[in-house]
Amino acid sequence: MNKIRVMIVEDTRTIRQFLENIIGNDPRLEVVASVENAEEALRCLARVAPDVISMDIHLPGMNGLEATQRIMEQRPTPIVIVSGSLQSHELRCSMNALEAGALTVVEKPRGTTHNNFEAMAERLCTQLAIMSQVKVIRQRFNRPRVKRARQNGIRFHGAKDSGKQSCDIRMIGIVASTGGPKALQAIFSSLPPSFPVPIVLVQHITPGFHYGFVQWLNDTSQLSVVTAEHGQLVEAGNVYVAPPDFHLLVNGRQLVLRQDEPISAHQPSGTVLLESMASSLGRNVAGVVLTGMGDDGVDGLLSIRRAGGFTISEDESTAVVYGMPGLAARLGASCEQLPLDEIGPRLLNLIPECVGAHL
């Protein structure tokens with residue numbers, strides 16, 4: 001079996017050698033190039049032809065954001081941003097790199113004596129292996145548009161095939177993992193600030209990047225995006241993001257934070273969120289499962305559908321990783337499977353106030 005070819009772009013020599021050791025010791029991966037700046041990476045990209053790139057965001061000269069833009073323009077290659085700083089400027093650059101075409105952001109592993117070294121190293125190598133399989137193109141969302149939502153065989157209440165039908169949706173729950181930040185930005189940028197229902201979100205992300213991610217979404221969206229707090233009452237036009245290491249549940253209009261065992265290896269878990277919404281609000285909920293590996297959120301989406309709510313999974317044509325939405329579609333958990341550019345408009349059309357405003 002051929003190993004996955006990795007290029008490392010990192011300006012600090014000791015860290016570059018550290019990453020070479022971590023990646024080179026993983027049986028799935030081999031380091032085919034290790035360079036100290038973006039300019040060198042661009043010069044040797046065609047010759048080396050890596051399957052995936054480990055990209056530092058803070059580089060001398062051309063930074064990781066600009067390098068990502070150039071690579072996606074010239075020779076699209078899966079890019080994993082490996083960030084060592086949680087400072088606001090670097091976090092913003094990392095998030096903007098996702099918008100430019102990078103697939104995910106992971107925290108740079110710390111020294112071998114650090115308590116979390118093994119977990120951080122494994123996460124980096126696993127993300128490089130997974131992302132190497134993603135097919136990236138110069139403008140990834142300019143894919144053939146799926147004209148009609150594919151329907152599963154289960155009957156459901158509420159919205160029907162016509163995009164101008166609506167139902168009594170009072171809250172929306174969304175679950176996303178790998179590839180989620182850019183997908184969420186695309187959805188939220190299509191919703192007006194007057195969007196008449198609250199949105200509750202679980203996004204799997206390294207805890208250190210959570211608050212930068214929330215701020216980035218807030219800055220790039222017309223909606224107000226905040227970290228959820230225990231006992232908080234939700235309001236229309238706001239997005240409430242589950243904080244690190246807590247499950248987020250909904251009890252009527254109130255948010256509940258709970259520390260418990262991980263579900264599908266995640267805390268927060270999308271399934272915990274969506275199941276609580278199905279139990280509390282029944283058919284008055286819309287659930288959405290976006291790109292991501294694994295099965296988190298799928299059982300919760302099925303619970304919403306069985307309760308009479310409306311459910312959407314992202315279509316394979318736009319999902320960076322089709323694991324979660326693909327399983328939702330196969331199990332009949334989604335009423336519709338939609339490409340990313342149709343999900344925001346569909347959510348608008350589900351809600352009577354929005355239908356009247358956007359006909």
Side-chain angles (χ1 to χ4, degrees), residues 1-85 90 93-109 120-144 178-179 181-182 291 293 317-322:
M1 181 178 178
N2 294 332
K3 290 189 175 184
I4 296 163
R5 298 166 57 82
V6 182
M7 173 189 280
I8 298 171
V9 187
E10 164 62 53
D11 66 312
T12 305
R13 181 178 178 181
T14 54
I15 297 177
R16 191 165 64 250
Q17 293 173 338
F18 183 51
L19 294 176
E20 290 171 13
N21 185 60
I22 291 172
I23 295 168
N25 284 331
D26 189 292
R28 298 168 292 183
L29 309 172
E30 66 173 333
V31 178
V32 295
S34 184
V35 301
E36 64 181 355
N37 56 56
E39 291 82 357
E40 186 178 353
L42 288 165
R43 283 195 297 270
C44 70
L45 184 61
R47 173 177 55 82
V48 173
D51 298 313
V52 63
I53 297 172
S54 166
M55 177 74 72
D56 187 19
I57 201 71
H58 182 68
L59 295 167
M62 184 189 303
N63 65 21
L65 169 58
E66 187 179 350
T68 297
Q69 294 169 332
R70 295 276 296 275
I71 290 168
M72 298 310 294
E73 288 172 356
Q74 296 176 16
R75 188 184 176 92
T77 304
I79 296 172
V80 174
I81 299 296
V82 182
S83 179
S85 172
E90 185 157 327
C93 285
S94 297
M95 293 299 137
N96 288 339
L98 296 179
E99 186 178 2
L103 297 176
T104 191
V105 179
V106 298
E107 192 171 358
K108 193 173 293 181
M120 295 171 76
E122 171 61 24
R123 175 174 171 79
L124 169 61
C125 291
T126 297
Q127 288 299 305
L128 289 169
I130 293 169
M131 295 304 106
S132 72
Q133 305 303 311
V134 176
K135 295 181 180 179
V136 291
I137 59 176
R138 285 181 171 81
Q139 294 183 351
R140 185 167 352 111
F141 291 118
N142 286 358
R143 299 183 181 184
T178 303
K182 186 173 182 180
T291 173
M293 181 180 66
S317 64
T318 60
V320 171
V321 180
Y322 193 50

Non-hydrogen atoms of [X] and [Y] that approach each other most closely:
X	Y	result
Met72	Ala100	CG-O, 3.6 Å
Ala97	Thr68	O-CG2, 3.8 Å
Ser54	Val82	OG-CG2, 3.2 Å

Taking side chain as C-beta onward, heavy atoms only, is [X] less than 4.5 Å from [Y]?
X	Y	value
Cys125	Ile22	yes
Ser94	Ser83	yes
Val6	Val32	no
Ile130	Met293	yes
Val80	Val106	yes
Thr77	Val52	no
Ile4	Leu128	no
Leu19	Pro109	yes

Verify side chain to side chain contact (heavy atoms under 4.5 Å, CB included) between Thr12 and Glu10, making sure each step is shown before the conclusion. CA-CA 6 Å; Thr12 305; Glu10 164 62 53; 3.4 Å; yes

I need the Lys182 NZ to Thr318 OG1 distance, nearest 0.5 Å. 11.0 Å

So, applying side chain to side chain contact (heavy atoms under 4.5 Å, CB included) with Ser132, which one of Ile53, Asp51, Leu103 is it? Asp51

Set of residues satisfying side chain to side chain contact (heavy atoms under 4.5 Å, CB included) with respect to Arg47, sequence neighbours excluded: Cys44

Taken in chain and number order and not counting sequence neighbours, the residues that satisfy side chain to side chain donor-acceptor pair (under 3.5 Å) with Asp11 are none

Hits for side chain to side chain donor-acceptor pair (under 3.5 Å) against Asn25, two or more places apart or cross-chain, chain-then-number order -> Asn21

Sequence neighbours excluded, every pair satisfying side-chain hydrogen bond (donor to acceptor under 3.5 Å, both in side chains) that has a member inside residues 34-44: Glu20-Ser34

Selection residues 120-130 - residue pairs positive for side-chain hydrogen bond (donor to acceptor under 3.5 Å, both in side chains), sequence neighbours left out: Arg28-Thr126, Glu122-Thr126, Arg123-Thr206

Set out, in order, the CA-CA distance, both residues' side-chain angles and the distance that settles side chain to side chain contact (heavy atoms under 4.5 Å, CB included) for Ile15 and Gln17, then state yes or no. CA-CA 5 Å; Ile15 297 177; Gln17 293 173 338; over 6 Å; no

Applying side chain to side chain contact (heavy atoms under 4.5 Å, CB included), run through Leu124 and Glu107 and close with a yes or a no. CA-CA 8 Å; Leu124 169 61; Glu107 192 171 358; over 6 Å; no

What pairs of donor and acceptor atoms, side-chain ones from residues 55-63 against any protein atom, are under 3.5 angstrom apart with sequence neighbours left out?
{"from": "Asp56", "atom 1": "OD1", "to": "Lys108", "atom 2": "NZ", "distance (Å)": "3.3"}
{"from": "Asn63", "atom 1": "OD1", "to": "Leu65", "atom 2": "N", "distance (Å)": "3.1"}
{"from": "Asn63", "atom 1": "OD1", "to": "Glu66", "atom 2": "N", "distance (Å)": "2.9"}

Side chain [X], main chain [Y], donor-acceptor under 3.5 Å:
X	Y	answer
Lys3	Glu30	no
Arg5	Ala33	no
Thr291	Thr178	yes

For a side chain to side chain contact (heavy atoms under 4.5 Å, CB included) check, start with the C-alpha distance between Ile71 and Leu45, then their side-chain angles and the critical distance, and finish with the verdict. CA-CA 9 Å; Ile71 290 168; Leu45 184 61; 4.0 Å; yes

How would you list all residue pairs meeting ring-ring contact (aromatic ring centres under 6.0 Å, His included) that involve residues 4-52, not counting sequence neighbours? Phe18-Phe117

